[in-house]
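Just below is one structure, and these are the notes that go with it.
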Number of protein chains: 4
Amino acid sequence: MTKTRREQAEWRREQLLDAALKVFAAKGVDGASVKDIAEAAGVTPGLLYRYFESKEALVATLLSERGFLPRLRELLTADHRGRPAVAVLTELLGAFDALLADNADLMAVFFSATQARAALAELVGEGQRLIGDFLAARVAEGELRPHDTATAARTLFAAVAVSRRTGSPLDVARLVELLFPHER
Amino acid sequence: MTKTRREQAEWRREQLLDAALKVFAAKGVDGASVKDIAEAAGVTPGLLYRYFESKEALVATLLSERGFLPRLRELLTADHRGRPAVAVLTELLGAFDALLADNADLMAVFFSATQARAALAELVGEGQRLIGDFLAARVAEGELRPHDTATAARTLFAAVAVSRRTGSPLDVARLVELLFPHER
Amino acid sequence: MTKTRREQAEWRREQLLDAALKVFAAKGVDGASVKDIAEAAGVTPGLLYRYFESKEALVATLLSERGFLPRLRELLTADHRGRPAVAVLTELLGAFDALLADNADLMAVFFSATQARAALAELVGEGQRLIGDFLAARVAEGELRPHDTATAARTLFAAVAVSRRTGSPLDVARLVELLFPHER
Amino acid sequence: MTKTRREQAEWRREQLLDAALKVFAAKGVDGASVKDIAEAAGVTPGLLYRYFESKEALVATLLSERGFLPRLRELLTADHRGRPAVAVLTELLGAFDALLADNADLMAVFFSATQARAALAELVGEGQRLIGDFLAARVAEGELRPHDTATAARTLFAAVAVSRRTGSPLDVARLVELLFPHER
DNA sequence: CATGAATGAGGGTTCATTCAT
DNA sequence: AATGAATGAACCCTCATTCAT
């Protein structure tokens, strides 16, 4: 049941990324030392440099490999036709909320890493665009009342994101009801 | 036109806080060194310690003295009776947006300073509560349609805050129109 | 009853020396900061430099002005003829002991200041020589038994000095009795 | 002939202690900087912290590991029966003198380190007690004339210690002859 | 006479990183 | 694959000292 050399290396790499994510989230990228991360992984700082070129590179890898933009995209571009928009929207925002919850540590790193600002902006922009597209399509089909879909998308996105950041839970159904009252 | 010693000291203190705010916002609290701040202020690092006990104390002073919660409260508790709710709301969110713009650096420090989490939560909570109170009052007077005022407040607040954070400008009038369409 | 300018200056100088002596004795010369001394004197560090050129100079002044070698010399060269040697010796060592007690702080500075080594050696050498001269004179007069007066002087001096340094009190009469038993 | 890692570490540790001992003795504990010590060891300051937690800890280690109290005890408690007390005493004080000479640097550190006062007092007290016990035993056996053995012990100890401290060499045989003249 | 704003050097210490083992 | 000895740069902070006020 021993691992092959290749597997062991892959496993260690992931373990280091896990440790880094946890430590970065807790102390901030600048506040966390390589030694902190190594200790969290039960390993020597030197070993880290066999897997990543630098602390900087470790952060970059974390943001690119562990980014949840792919999953967000997948979520928002699934085929929802045939089901009522309001129901879909509620479900969708709920899933988004859950996604953020699952990636709370990563979000913290996003906010902590100076160089992550661009990635964060990209994430937010893409998210808003995808939600906006969904709303526009439903308006075009006459299922939702005509409205400023771009602003609506931004508002919905923001509401979910901020509630995650500040800790107080958000009732997604109420949010949808607020913007689209009594809509079929 | 020379300054008295008292004035000079006061001025220097503010100058150091200004420099710290700028540098902290740009590099993060942990990423910015005392030397960075001193250089931004055109001063020796040692001088900083005549005005603040430590780097930590500098951050704390920044957050407590430069906090904009007082101005936010002032903004939201002003007497708006006699004017249409939608107009007031638009103006109010616009002012809030401007306030955040004016304090963009401070917001960044809030997000960077780990120990500021509590202050941040307080800020957000208070802001949402004040907006919620305003909405509820107007509903009671029959001027706004009955709705979930708490969720609405959170949504409005979030929309403004996130737009500030991500850089893309927000048309506040459109936001209000979205939630309260065609309301007189 | 106000002091003249001259008197005030003299008074302040002495006060600063007092404070320095106390602080140096407590923290060691290197361990004590100019700020420490100024605070002990209820004064600003800057003021210290109106009275002394540097911290270094302050130490030097302390060692030279407050040195007790003059008093020691006076003590040992007084005219003791006509009184029994053993009585004189006892009284003399007792006075020396008291002198060290009075100057405990200064002794501490001696041991703390690297540059004071020479002064300390001088002090010890002179003290031993003076006691030795006294013993030799009394041996010459047949009042004390012939013995190695130089070694005796060193031994007596050492016994008194070490007892001061280690805190346990010394019965001088017993010490004299030990070296010159039953001598008339 | 290369060292194993274990050996190298042990060797480096001792080397750092050696360097520290020398530098502390020369400049005093407060007067010596970590950089001074590192330079004396031909090493970077940072390395010091792999072997000792702090400068303070380095001093403590020096005092506890390099203390010569054990050797002193061994010296004074050896079995000297069957040999004339005066000869033994002479030899013993000579060995004590040599011990202090070997540990001159450590003595200097003792006097420089404020926190070493307790250790110093212990050292002195123990030394005097051991010598006193030896004298008392010999008096009881009738080999030495009855005398105040406690004071004698203190005097002998002090004479040796002070001569070490002030640099002038002491003829131990003369010292013994002084206190116990012509004794068989 | 006395203050306190300001500096430059240096304090002890941590850190990201390298490399022989 | 993993360690840990070693470095050099940077960290936060204190210090002795100066000088305008």
Side-chain angles (χ1 to χ4, degrees), chain A residues 3 5 8-9 11-12 30-38 41-58, chain B residues 2-6 8-9 11-13 30-38 41-58, chain C residues 3 5 8-9 11-12 30-38 41-58, chain D residues 2-6 8-9 11-13 30-38 41-58:
Chain A
K3 299 169 200 149
R5 204 93 71 134
Q8 155 70 9
W11 174 82
R12 176 61 20 115
D30 284 317
S33 73
V34 171
K35 196 181 160 215
D36 288 336
I37 297 170
V43 138
T44 304
L47 185 60
L48 229 138
Y49 289 83
R50 289 215 140 251
Y51 293 87
F52 306 95
E53 283 214 332
S54 63
K55 185 186 174 186
E56 213 54 21
L58 182 56
Chain B
T2 59
K3 297 168 203 152
T4 81
R5 275 221 262 213
R6 184 92 175 62
Q8 157 70 11
W11 175 82
R12 175 62 21 110
R13 208 186 105 99
D30 283 320
S33 73
V34 169
K35 197 180 161 219
D36 288 336
I37 298 171
V43 135
T44 301
L47 185 59
L48 233 138
Y49 290 84
R50 279 198 65 78
Y51 292 89
F52 306 96
E53 285 213 335
S54 63
K55 185 187 174 183
E56 211 51 25
L58 182 55
Chain C
K3 298 166 201 153
R5 205 92 70 134
Q8 154 72 10
W11 174 83
R12 172 71 9 121
D30 284 317
S33 72
V34 170
K35 197 181 159 214
D36 288 335
I37 298 169
V43 137
T44 304
L47 184 60
L48 230 138
Y49 289 84
R50 290 216 138 251
Y51 294 88
F52 306 95
E53 283 214 334
S54 64
K55 185 186 174 185
E56 214 53 21
L58 182 55
Chain D
T2 61
K3 299 167 202 154
T4 80
R5 276 221 263 213
R6 186 89 174 65
Q8 157 72 10
W11 174 82
R12 176 61 23 108
R13 207 186 105 99
D30 283 320
S33 73
V34 169
K35 198 181 159 218
D36 288 336
I37 298 170
V43 135
T44 300
L47 185 60
L48 234 137
Y49 290 84
R50 278 196 65 77
Y51 292 88
F52 306 96
E53 283 214 335
S54 63
K55 185 188 175 183
E56 211 54 24
L58 181 54

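Small disclaimer: the values here were computed from a predicted structure and weren't measured. Numbers restart at 1 for each chain; the letters A, B, ... are given by sequence-line order, proteins then strands.
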For this session: Look at the side-chain N and O atoms of Q8(B) and state whether any lies under 4.0 Å from the OP1 or OP2 oxygen of dT21(F).
Result: no

For this session: Please determine, for the side chain of Y51(C), which listed nucleotide (dC1(E), dA5(E), dG4(E)) has the closest atom?
Result: dC1(E)

Problem set entry | By side-chain hydrogen bond (donor to acceptor under 3.5 Å, both in side chains) - contacts of S33(A) (at least two apart) | D36(A)

Exercise. If you pin R50(A) and L48(C) to their nearest nucleotides in DNA chain E, which one's is more 5'?
Worked result: L48(C)

For this session: Look at R12(D) and dA6(F) and indicate whether a side-chain polar atom (N or O) is within less than 4.0 Å of OP1 or OP2.
Result: yes

Identify each atom pair where a protein N or O and an N or O of nucleotides 13-17 of chain F are less than 3.5 Å apart, giving names and distance.
unit_1	atom_1	unit_2	atom_2	d
dC13(F)	OP2	Y49(B)	OH	2.4
dC13(F)	OP2	K55(B)	N	2.9
dC13(F)	O5'	Y49(B)	OH	3.2
dA16(F)	OP1	K55(C)	NZ	3.0
dA16(F)	OP2	V34(C)	N	2.7
dT17(F)	OP2	Y49(C)	OH	2.6
dT17(F)	OP2	K55(C)	N	2.9
dT17(F)	O5'	Y49(C)	OH	3.3

For this session: Check D30(A) against K55(A) and note the closest heavy-atom contact, atom names and distance.
Result: O-NZ, 4.0 Å

For this session: Taking side-chain hydrogen bond (donor to acceptor under 3.5 Å, both in side chains) as the test, write out the residues that go with Q8(B), two or more places apart.
Result: none

Exercise. Got L58(A) and I37(A) here, is their nearest side-chain heavy-atom distance under 4.5 Å?
Worked result: yes

Exercise. Dot-bracket for DNA chain E: what is it, with Watson-Crick or G-U pairs under 3.5 Å, [ ] where a pair crosses earlier ones, and | for a pair to another strand?
Worked result: .||||||||||||||||||||

Problem set entry | Rounded interatomic separation in angstrom, taking CZ from R5(A) and P from dA2(F) | 10 Å

Problem set entry | Comparing L47(D) and L47(C) on DNA chain F - which has the more 5′ nearest nucleotide | L47(D)

Let me have the donor-acceptor pairs involving side chains of residues 42-53 of chain D, under 3.5 Å, with sequence neighbours excluded, atom names and distances please.
none

For this session: Check the distance between dA5(F)'s C1' and F52(D)'s CZ and give it to me in whole angstrom.
Result: 14 Å

Problem set entry | T44(C), nearest nucleotide to its side chain (from dT3(F), dT3(E), dA5(F)) | dT3(E)

Exercise. Taking for each residue the nucleotide of DNA chain E with the nearest heavy atom, is it G42(C) or V43(B) whose nucleotide lies nearer the 5' end?
Worked result: G42(C)

